[in-house]
Protein chains: 2
Amino acid sequence: MAESTATAAAAEIVVVQRPRRADAARNFDALLAAAREAFAEHGADASLEDIARRAGVGIGTLYRNFPTRRHLFESVYAEEVNALAKVAVDLAAEPPWPALTTWLRRFVEYTVTKKAIRDALNGESDIFLACRESLYEAGGPLLLRAQQAGEVREDMSFDDLVRMISGITSIAFPEEGQRDRVLTIALDGVRARR
Amino acid sequence: MAESTATAAAAEIVVVQRPRRADAARNFDALLAAAREAFAEHGADASLEDIARRAGVGIGTLYRNFPTRRHLFESVYAEEVNALAKVAVDLAAEPPWPALTTWLRRFVEYTVTKKAIRDALNGESDIFLACRESLYEAGGPLLLRAQQAGEVREDMSFDDLVRMISGITSIAFPEEGQRDRVLTIALDGVRARR
DNA sequence: GTTAAAGTGGAGGCATGCCTCCACCATAGT
DNA sequence: ACTATGGTGGAGGCATGCCTCCACTTTAAC
């Protein structure tokens, strides 16, 4: 665990290299975007051929950039984790409780791979482990700060919190605003008793 | 369908008929048990051939009993819902808050189809609708009673509650006792402010 | 403009799952 | 015990997904 200085932006997690040639870079981006969509829709085992189709490229191009399904999924996931780490840094100045809840709501938003995150939380690969670590390094201090300020109950780990939020996030809510309402209620349970 | 007893037990939801001949009935039960296992492990799209193999019967036998995957899944799901409805009746005598939380914990236990319940909650088929209705008829009064007793916040519907619990349930918790801890925290948010 | 290197994409082989069909088998009623 | 009826189970046709391979196309460096 590195001691995090005030502005110590964590190193970005990189799974595969973005190609340098113009057309290839375009395809790479299109693939990532299509994969993000597909994973959000069908979970971690969305069809790769469908992803290539959505991106408007051949299946061969997909495999050239992402040798396995895992590479592709990890890339999408890493993008989200990297963004979340940045957000945590930006929130360092806010008061403890709003900082924590704001971050968690961003977590819910960014996690487009909602249905798939369950799998990611238990993935054993190096990348998943690195992502978990990065995520926990970013969010952990926010929880700790809120606990030290007496805003959050002590008998809860960051892992508990992440899994609670992930679970609620991974379920579909048909009603507009319902997910938000439920999240708020659950977060009420997270607040310290007074 | 004969009305079962005098004690207003809700009508059981039946998806397909259990065969009468001895060997066939045995196979039917084996299939249901195997399906329950497989769905719990792999979610709603477990392999039907795998299920038949686990049950020690041919794939043909599976299809004879359950014409489609949906019939099979609905049967497993309906079994659980029927059991839960019975539990709710038994809890009518308990005090409001313990009755509600006990029922919810049973809900978590019975829901062996954990990973798959997301899908069931949004299924559009007649059976899924009937199951939802039955579930809500069983659990809804427990929530209402707790709210009337001032134990639970008013700004929460039974649907909110079920989805919250389902979400947390559908996530894997690697640590022993962690799911229970998280559920308890979330339920703290459900309690009325005082 | 030319050209070498990088990139493309889809045909095709393989695996797996779905579901049907039907020759054989077990049960229950006589 | 016998037999008709209901039940069995797996072979096989179809669909879909995975991934490899390579003849062709595009880029960018000169």
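Side chains included, hydrogens not; waters and symmetry mates left out as well; all remaining heavy atoms used.
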Footprint string (nucleotides 25-30 of chain C, 5' to 3'): B base within contact, S backbone only, - free, heavy atoms under 4.0 Å: -BSS--

Assign a letter to each nucleotide of nucleotides 9-15 of chain C from its 5' end: B, base within under 4.0 Å of a protein heavy atom; S, sugar-phosphate only; -, no contact. BBB----

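An OP1 or OP2 oxygen of C:dC19 is reached within less than 4.0 angstrom by no side-chain nitrogen or oxygen of B:Thr68. Contact check, B:Ser47 against C:dT16: no side-chain N or O comes under 4.0 Å of OP1 or OP2.
Side chain of B:Glu137 to main chain of B:Ala85: no donor-acceptor pair is present (N/O by atom type, distance under 3.5 Å, no hydrogens or angles).
The shortest side-chain heavy-atom distance between B:Leu91 and B:Arg106 does not fall under the 4.5 Å cut-off. Within the 4.5 Å cutoff, side-chain heavy atoms of B:Phe128 are placed close to those of B:Tyr77. Within the 4.5 Å cutoff, no side-chain heavy atoms of A:Val87 are placed close to those of A:Phe107. Under the 4.5 Å side-chain criterion, counting only non-hydrogen atoms from C-beta, B:Met164 is in contact with B:Val190.
When each of B:Glu79, B:Glu80, B:Glu12 is checked for a salt bridge (charged side-chain N to carboxylate O under 4.0 Å, His left out) with B:Lys86, only B:Glu12 meets the rule.
Qualifying salt bridge (Lys or Arg N to Asp or Glu O under 4.0 Å) partners for A:Asp50, counting only residues two or more places apart in sequence or in other chains: A:Arg53, A:Arg54. The salt bridge (Lys or Arg N to Asp or Glu O under 4.0 Å) test applied to A:Arg181 returns A:Glu175, B:Asp160, not counting sequence neighbours.
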Pairs under 3.5 angstrom only: tabulate donor-acceptor contacts from the side chains of residues 92-101 of chain B to other protein residues two or more places apart or in another chain.
residue	atom	partner	partner atom	Å
B:Thr101	OG1	B:Trp97	O	3.2
B:Thr101	OG1	B:Pro98	O	3.2

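A salt bridge between B:Asp188 and A:Arg191 is absent, with no side-chain N of the basic residue lying under 4.0 Å from a carboxylate O of the acidic one.
In this structure, the CG atom of A:Asn65 is 11 Å from the C1' atom of C:dT8, given to the nearest Å. As rounded to whole Å, 14 Å separates atom P of C:dG7 from atom CG of A:Asp29. Going from atom CG of A:Leu48 over to atom P of D:dT20 covers 12 Å, rounded to whole Å. In this structure, the NE2 atom of B:His71 is 16 Å from the P atom of C:dC18, given to the nearest Å. For the pair A:Gln17 CD and C:dG7 P, the computed distance is 12 Å after rounding to whole Å. Between the CZ atom of A:Phe73 and the C1' atom of D:dC18 there is a distance of 18 Å, given to the nearest Å. A straight line from CD1 of A:Ile51 to P of D:dT16 spans 17 Å, rounded to a whole angstrom. To the nearest angstrom, P of C:dG7 lies 12 Å from CZ of A:Arg18.
Overall, the helix from C:dG1-D:dC30 to C:dT30-D:dA1 carries an axis bend of 20° between its ends, with five pairs at each end and the value rounded to 10°.
For the 3.5 Å distance criterion, the side chains of B:Thr184 and B:Arg105 qualify, holding a donor opposite an acceptor.
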